[in-house]
Amino acid sequence: MTEGEPVGVASGRSVPAQVYPPERPFHTRAIPQPTGAREAEHVPAQARAGTGAETEDLLTAPPDGVWRSIASELHLGAHLRPPAGSGGPTTVPDKRPSRDRAWARRSALILATTALAAATMFGALATARLTAGPPSVAGPVSRLAPLGVPGAAGTVRLVRVSATDGEVEVTVARLPPTDGYYEVWLMNQSHSPLVQLGTLRADGTATLPIPPQIDLGAHPLVDVSVQASNGNPAHSGVSSVRGRLYG
């Protein structure tokens, strides 16, 4: 090293070299750092990193008074307030008493249940109307006069259950007990042919369907016969009551 040659230091500044006599030890004097370097040590790491800091990390929520002014200017709801760092509004949690929230939930459940029940009932009524046929139409009641059984009497009437189907309602009183049964027939004035409908119950009543192919105009009479339990389904020839069927 020659006299007057500059010596470089860490700070980047150049200072003139110092010459010492050979017999004295050589020491390098510490050079103070610039003011800017000391201040840089107190700067936060994110600030020194520049773009390394996220914008939302530096945001804080405004005070209540400032936010109310912002909300008023922007016509926002008073229940909205942006959380710190989010930059957007959020809904304040429901702070109503728990009993109020429970009542609101019960009311909503009751309304939903009522609406479901009403919809179910309406659907059932609509289905019943669509599937139900026309109402039954009952004809006039006619009298059954006694024939082979003195004192017996009854009534009969035709019930139209549809345009093509009908039933005969028969009631006979004061029939004597029998070891057999009482059979109901349709016939004409000549008693032939005969149409077997069914038997009376023990109380002397019956509701019997009319076969759809039967012409009631050709079989206007109703006859109730006394039948023996001998396995012969033909008319016994003993009629208890008989009358005309109208309708």
**Asked** Listed by chain and number, what are the side chain to side chain donor-acceptor pair (under 3.5 Å) partners of Thr205, not counting sequence neighbours?
**Response** Arg201, Asp203

**Asked** What residues, two or more places apart in sequence or in another chain, satisfy side chain to side chain donor-acceptor pair (under 3.5 Å) together with Gln227?
**Response** Ser225, Ser236

**Prompt:** Just wondering, more than 12 heavy atoms not from Asp179 lying within 6.0 Å of its CG?
**Reply:** no

**Item:** Pairs meeting criterion ring pair (Phe, Tyr, Trp, His ring centres under 6.0 Å) with involvement of residues 201-226, two or more places apart
**Value:** none

**Set of ring-ring contact (aromatic ring centres under 6.0 Å, His included) partners for His235, sequence neighbours left out** = Trp185

**Asked** Which of these, Leu216, Thr207, Leu245, sits in a side-chain contact (heavy atoms from CB on, under 4.5 Å) with Val168?
**Response** Leu245

**Item:** Results of side-chain contact (heavy atoms from CB on, under 4.5 Å) for Pro176 - residues two or more places apart only
**Value:** Val149, Tyr182

**Message:** Suppose the criterion is salt bridge (Lys or Arg N to Asp or Glu O under 4.0 Å): which pairs have a residue in residues 142-153, not counting sequence neighbours?
**Reply:** none

**Request:** Each residue besides Tyr181 in its hydrophobic cluster should be listed here, by chain and number; the cluster joins Ile, Leu, Val, Met, Phe, Trp and Tyr at side-chain heavy-atom distances under 4.5 Å.
**Result:** none

**Item:** Listed once per pair and sorted, the ring pair (Phe, Tyr, Trp, His ring centres under 6.0 Å) pairs that draw on residues 149-178, sequence neighbours left out
**Value:** none

**Asked** Going by heavy atoms in the side chains, are Val241 and Leu147 under 4.5 Å from each other?
**Response** no

Do any side-chain atoms of residues 150-159 form donor-acceptor pairs under 3.5 angstrom with protein atoms, and if so which ones, sequence neighbours left out?
| unit_1 | atom_1 | unit_2 | atom_2 | d |
| --- | --- | --- | --- | --- |
| Arg157 | NE | Glu169 | OE1 | 2.8 |
| Arg157 | NH2 | Glu169 | OE1 | 3.2 |

**Message:** Applying side chain to side chain donor-acceptor pair (under 3.5 Å), can you list everything that pairs with Asp215, at least two apart in sequence or on another chain?
**Reply:** none

**Request:** Give the minimum heavy-atom separation between Asn188 and Pro220, together with the two atoms involved.
**Result:** CA-CD, 4.0 Å

**Asked** Which atom names give the shortest non-hydrogen contact between Pro212 and Asp165, and what distance separates them?
**Response** CB-OD1, 4.3 Å

**Prompt:** Looking at side-chain heavy atoms only, is the closest gap between Val172 and Val170 below 4.5 Å?
**Reply:** yes

**Asked** Are any of the side-chain heavy atoms of Leu194 and Leu186 separated by less than 4.5 Å?
**Response** no

**Item:** pair Leu200-Val184: side-chain heavy atoms closer than 4.5 Å
**Value:** yes

**Request:** Might you point out which heavy atoms bring Pro233 and Gly231 nearest each other, and give the distance in Å?
**Result:** CD-O, 3.3 Å

**Request:** Indicate if Val222 and Ile214 have the same hydrophobic cluster label, given that clusters are the connected sets of ILVMFWY residues with side-chain heavy-atom separations under 4.5 angstrom.
**Result:** yes

**Prompt:** What residue pairs, at least two apart or across chains, pass side chain to side chain donor-acceptor pair (under 3.5 Å) with a residue in residues 238-247?
**Reply:** His191-Arg242, Asp223-Ser239, Asp223-Arg242, Ser239-Arg242

**Message:** Can you tell me how far apart CD (Glu167) and CG (Leu208) are? Round to the nearest 0.5 Å.
**Reply:** 8.5 Å

**Asked** Does the side chain of Pro211 reach to within under 4.5 Å of the side chain of Leu197, using non-hydrogen atoms?
**Response** yes

**Asked** Can you name the closest pair of heavy atoms from Gly180 and Ser229 and give their distance?
**Response** CA-OG, 3.4 Å

**Asked** Looking at residues at least two apart in the chain, or sitting in another chain, which of them share a side chain to side chain donor-acceptor pair (under 3.5 Å) with Thr164?
**Response** none

